[in-house]
Amino acid sequence: MAAAARPLYLLEVEYDGKLGRAVLKLYDAESQKLVEVPDASGHKPYFLTDLSPEELLREHPELFKHGGFDHIEVVEKYDPLRDENVLMTKVVARDPLSVGGSRGAMREVLKDHAWEARIRYHHCYIYDLGLVPGMPYVESNGALKAVEVEVPENVVQELEKLYGSDEELFRRALEWAKLFQAPVPRIKRVAVDIEVYSPEPNRVPRPLEAPYPVVAVSFWASDGLRRVLLLRRPELGEPPKLDDVEYFASERELLRRAFEIISQYPLVLTFNGDAFDLPYLRVRAQKLGFAEEEIPIEWRPGADKAQVKGGLHVDLYRFFINRSMKVYAFGNKYREGRSLDEISGALLGVGKVKLDKHVSEAGYEELARYSLRDAELTFMLTQFNDELVMKLIVLMMRISKLGIEDLTRHNISTWIRNLLYFEHRRRGYLIPNESDLKRLKGQTDTKAVIKGKKYLGAVVIDPPTGIFFNITVVDFASLYPSVVKKWNLSYETVRCVHEECRSAVIPGLSHWVCRKRRGIMSEVVGFLRDFRVYIYKKLAKSEKDPVRRGHYDVVQSALKVFINASYGVFGAETFPLYCPPVAEATTALGRYLLVQTLLRALELGLPVLYGDTDSLFLWNPSPQKLEELVSWVSRELQVDLDVDKSYRWVAFSGRKKNYVGLLSDGTVDAKGIVGKKRNTPEFIKSYVMQIMDLLGKAGDIEQLDNAISELKRLTHEYYSKLRRKEVLLNDLVFKVALTKPLASYVKNTPQHVKAARQLQRHGVRVEVGDIISFVKVRGGEGVKAVQLARIDEVDSEKYIEHLRTATEQILEALGTSFEEVVGGAQLM
DNA sequence: TAATTCGCCCCGCACG
DNA sequence: CGTGCGGGGCGAA
């Protein structure tokens with residue numbers, strides 16, 4: 001009898017050029033090794049065309065002579081844009097490059113007659129075999145079989161309630177549930193970090209030139225390995241005996257040992273290893289005469305990606321700078337940061353080892369500690385909170401159907417695109433041709449408020465000025481995804497082909513929506529939303545078992561990432577399923593719902609003070625009327641309106657997206673005020689923070705009165721400090737990001753650009769994404785990079801103006817003003 | 001290869 | 001020199 005097959009988790013699929021077929025990379029949790037399984041199905045690259053075989057022969061005979069041509073077949077597909085079945089010719093190739101990506105590739109021959117020709121082959125393979133990365137499989141006779149996943153009874157019951165009336169929908173929902181319920185493996189992995197000698201402290205050497213020796217390579221792994229490999233250098237004297245440190249007389253020996261360790265792990269983690277550590281190691285090894293087979297690192301120049309032979313490489317830098325991850329999964333905790341120090345500081349509470357000199361000047365012990373900490377932090381980013389990040393990655397792989405290397409290197413639009421393509425293939429839908437889609441669905445109905453935008457977005461209600469007590473905020477639970485689900489929005493259903501659907505108009509637009517067919521996007525988003533709102537968010541709270549509860553929380557966070565971006569991608573021109581009517585129908589219905597609810601609230605005698613996109617601020621609502629509003633929305637508009645939060649008071653400055661309130665749990669909630677923005681100097685931030693503390697203690701009118709007089713005192717104190725120049729230069733620094741290359745600021749020269757150019761003149765390299773620190777000074781350009789400035793040059797008047805605006809947003813709401821507070825101060 | 005619009009604030013620049 | 005508009009950055013949703 002054969003041994004019981006053990007589960008292998010599919011982590012990645014690649015095309016192997018030498019083998020001429022796809023190779024699956026699976027993780028065997030028992031042996032903790034990566035298993036590579038070449039395709040056994042004979043699957044080949046292909047694309048589709050609307051030209052018949054006869055037309056192809058007649059009009060494109062050269063196609064059949066192409067070196068990569070294999071054969072053609074006629075296949076039937078469902079065309080969602082036209083709501084009809086169509087016959088397409090499948091052009092099968094010998095290798096992916098012949099389909100596209102090489103000169104004279106077959107898709108170039110057919111141009112606009114080529115469908116599904118821009119899909120990367122390894123993705124195409126995943127779709128066609130219905131494989132789900134992140135899921136467990138067993139190998140049986142060379143083929144992979146999905147491991148049966150049990151869905152808990154309570155989840156099945158909930159799905160019964162939601163979809164029980166439609167057998168097919170219920171079946172699909174169960175399939176989705178398996179992705180969320182399957183166990184998540186703990187993957188053996190090692191974090192790697194290197195340090196490089198450099199004679200110029202301010203320059204990071206280019207990895208593809210790798211001009212200087214590697215002096216340290218550190219490892220921190222899940223199996224307990226902590227190791228620093230150090231290069232002996234005569235100038236550092238006799239090396240001390242240190243725990244976890246190995247010394248090497250030559251860089252060659254050091255690299256050999258480093259490669260040996262790297263090759264022992266199925267998964268290698270780095271922080272910026274794509275752009276630095278791994279290519280540096282590779283090029284360095286080449287320079288030292290290593291043979292190709294002795295170097296376990298490959299470099300993909302087109303993708304700027306470093307790969308580990310026989311393993312997988314995740315560059316956490318690329319994953320953590322992903323905006324969706326920052327905002328939704330990690331609540332913007334590390335919004336300032338792009339560096340390991342800032343991200344680990346925010347998420348782990350631990351930063352890098354501080355070095356007061358350059359790496360090249362550090363002694364052995366210092367260098368070892370510094371380097372090992374980097375490897376440790378990199379590893380810990382995947383380890384904290386019971387491997388939260390690893391679990392999120394695996395869950396998002398299952399939702400997006402992307403392998404681990406693709407998922408961690410690409411943004412949300414790629415994730416959603418891949419998920420939708422997979423869904424198309426699963427159903428036998430033809431994936432629309434971009435030019436076709438744009439021609440049929442490329443036009444909008446509305447004009448945006450902001451110049452340069454494509455369509456009208458959300459409504460924001462003009463707030464009053466002043467303090468209001470006892471405010472309840474109601475909001476629609478994930479408004480846009482709800483709209484997409486409920487109104488059947490999808491690229492093929494908005495402005496569908498049916499005459500009889502044209503009467504189903506979207507309020508305020510000329511677009512109509514299909515009544516005959518369920519939209520593919522509507523269904524997918526609907527599932528993800530329902531799973532999050534009705535199942536996993538609830539289970540993440542109610543589940544008794546802490547391990548399962550933790551898992552449910554990961555599931556709901558992973559779902560949140562997809563749900564929140566599912567509307568935006570349709571308004572993004574770079575998205576292959578770009579469909580502005582879907583995006584503008586979504587916002588139009590959002591506006592409709594908010595306005596209808598507002599009108600109903602007013603009819604009920606509920607005063608509405610403010611609202612933004614999906615929320616309404618109700619002033620002192622009676623519980624009965626509130627309940628009436630919620631049930632009316634549920635009954636008449638058929639969406640969920642929830643009580644989101646309640647404030648003891650809210651101070652509105654009279655500006656939109658700008659208010660401060662005291663929540664019923666005693667925390668201060670400040671939105672949009674300049675004192676909180678990250679480019680605001682610390683001096684002003686600290687002032688605003690103190691005001692927040694003050695307001696946090698003021699629960700009622702009387703306490704608030706006291707707080708206001710204390711606030712006036714505080715304002716005056718800060719004002720005087722500025723006047724008397726009793727402020728540290730560092731506290732006056734504006735930190736502004738350079739969002740594009742220095743040379744491309746041609747229309748204007750903003751202040752941070754002036755400062756950046758000063759730095760450049762002083763030989764400092766300035767790049768896109770750098771945060772420029774500058775202060776405002778008298779005379780000259782009006783600004784100086786902080787490195788070049790002295791405290792006595794500072795322009796106090798400018799800072800007083802900044803203090804004024806920061807203050808006014810709060811003071812005006814409280815019924816006083818900056819002038820009133822500092823009035824008379826001029827006499828000092 | 002890249003999710004959206006709305007809104008606030010400061011500044012730079014052109015125009016009168 | 002004042003004014004208005006657009007560029008630029010950052011946040012709210």
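Chain A is the first sequence line, chain B the second, and so forth, proteins listed ahead of strands; every chain is numbered from 1.
Between A/Lys747 and C/dG7 there is a side-chain polar atom (N or O) within less than 4.0 angstrom of OP1 or OP2. In terms of phosphate contacts, A/Thr739 brings a side-chain nitrogen or oxygen within less than 4.0 Å of OP1 or OP2 of C/dG9. Contact check, A/Lys451 against C/dG7: no side-chain N or O comes under 4.0 Å of OP1 or OP2. In this structure, A/Asn658 does not reach the C/dG11 phosphate: none of its side-chain N or O atoms is under 4.0 Å from OP1 or OP2. A close approach under 4.0 Å does occur between a side-chain nitrogen or oxygen of A/Thr805 and OP1 or OP2 of B/dC10. Look at A/Lys453 and you'll find a side-chain N or O under 4.0 angstrom from OP1 or OP2 of B/dT5.
Of the two residues near DNA chain B, A/Val459 and A/Ala572, the one whose nearest nucleotide lies more 5' is A/Ala572. Between A/Ser615 and A/Lys740, it is A/Lys740 whose nearest contact on DNA chain C lies nearer the 5' terminus.
Here B/dT1 presents its P atom at 17 Å from CD of A/Glu573, a figure rounded to the nearest Å. One can place NZ of A/Lys656 at 13 Å from C1' of B/dT5, the figure rounded to the nearest angstrom. One interatomic measurement links the two molecules: NZ of A/Lys657 to P of C/dA13, which rounds to 7 Å at whole-angstrom precision. With rounding to whole Å, A/His752 atom NE2 is found 11 Å from C/dC10 atom C1'. As rounded to whole Å, 19 Å separates atom P of B/dT4 from atom CG of A/Asp614. Between the C1' atom of B/dC8 and the CZ atom of A/Arg678 lies a distance of 16 Å, rounded to the nearest Å. Whole-Å rounding puts the A/Arg591 CZ to C/dA13 C1' distance at 14 Å. Rounded to whole Å, atom P of C/dA12 lies 15 Å from atom CZ of A/Arg655.
Salt bridge annotation for A/Asp612-A/Lys656: absent, with no cationic side-chain nitrogen under 4.0 angstrom from a carboxylate oxygen. One finds a salt bridge joining A/Lys784 and A/Glu793 here, because a Lys/Arg side-chain nitrogen approaches an Asp/Glu carboxylate oxygen to under 4.0 Å. Using a 4.0 Å cut-off between charged side-chain N and carboxylate O, A/Lys798 and A/Glu801 make no salt bridge. A salt bridge is defined here as a Lys NZ or Arg NE, NH1 or NH2 lying under 4.0 Å from an Asp or Glu carboxylate O, and A/Lys645 with A/Asp669 meets this definition.
In this structure, A/Tyr745 reaches the sugar-phosphate backbone alone: every heavy-atom distance under 4.0 Å involves primed, P, OP1 or OP2 atoms, never a base. Within the nucleic acid shown, A/Thr574 comes within 4.0 Å of at least one base atom, counting heavy atoms only. Contacts of A/Arg409 with the nucleic acid, taken as non-hydrogen atoms under 4.0 Å apart, are absent. Across all strands shown, A/Lys776 has heavy atoms under 4.0 Å from sugar-phosphate atoms exclusively, and none from any base. Within the nucleic acid shown, A/Asp612 comes within 4.0 Å of sugar-phosphate atoms alone, with no base atom in reach, counting heavy atoms only. Contacts of A/Gln809 with the nucleic acid, taken as non-hydrogen atoms under 4.0 Å apart, involve only primed sugar atoms and P, OP1 or OP2. A/Ala737 comes within 4.0 angstrom of sugar-phosphate atoms only, judged by non-hydrogen atoms across all strands, and of no base. Across all strands shown, A/Gly457 has heavy atoms under 4.0 Å from sugar-phosphate atoms exclusively, and none from any base. When heavy atoms are screened at a 4.0 angstrom cut-off, A/Thr414 is found touching the sugar-phosphate backbone but no base atom. Among the atoms of the strands shown, only primed sugar atoms or phosphate atoms (P, OP1, OP2) are found under 4.0 Å from some heavy atom of A/Lys754. Among the protein residues, A/Tyr455 comes within range of the sugar-phosphate backbone only, with heavy atoms under 4.0 Å from sugar or phosphate atoms but none that close to a base. Using a 4.0 Å heavy-atom distance criterion, A/Phe476 is classed as making no nucleic acid contact. Contact annotation for A/Ile416: no contact, since no heavy-atom pair falls under 4.0 Å across all strands.
The side chain of A/Lys677 has C/dG11 as its nearest neighbour among C/dG11, B/dT1, B/dA3. Looking at the side chain of A/Val674, the nearest of the listed nucleotides C/dG9, B/dT4, B/dC9 is B/dC9.
Note that A/Lys401 lies in the cation-pi zone of A/Phe422, set by a 6.0 Å cut-off to the ring centre and a 45° limit from the axis. The cationic atom of A/Lys326 (NZ for Lys, CZ for Arg) does not lie both less than 6.0 Å from the six-membered ring centre of A/Phe320 and within 45° of the ring axis. Cation-pi geometry between A/Lys438 and A/Tyr578 is not satisfied (NZ or CZ under 6.0 Å from the ring centre, within 45° of the ring normal).
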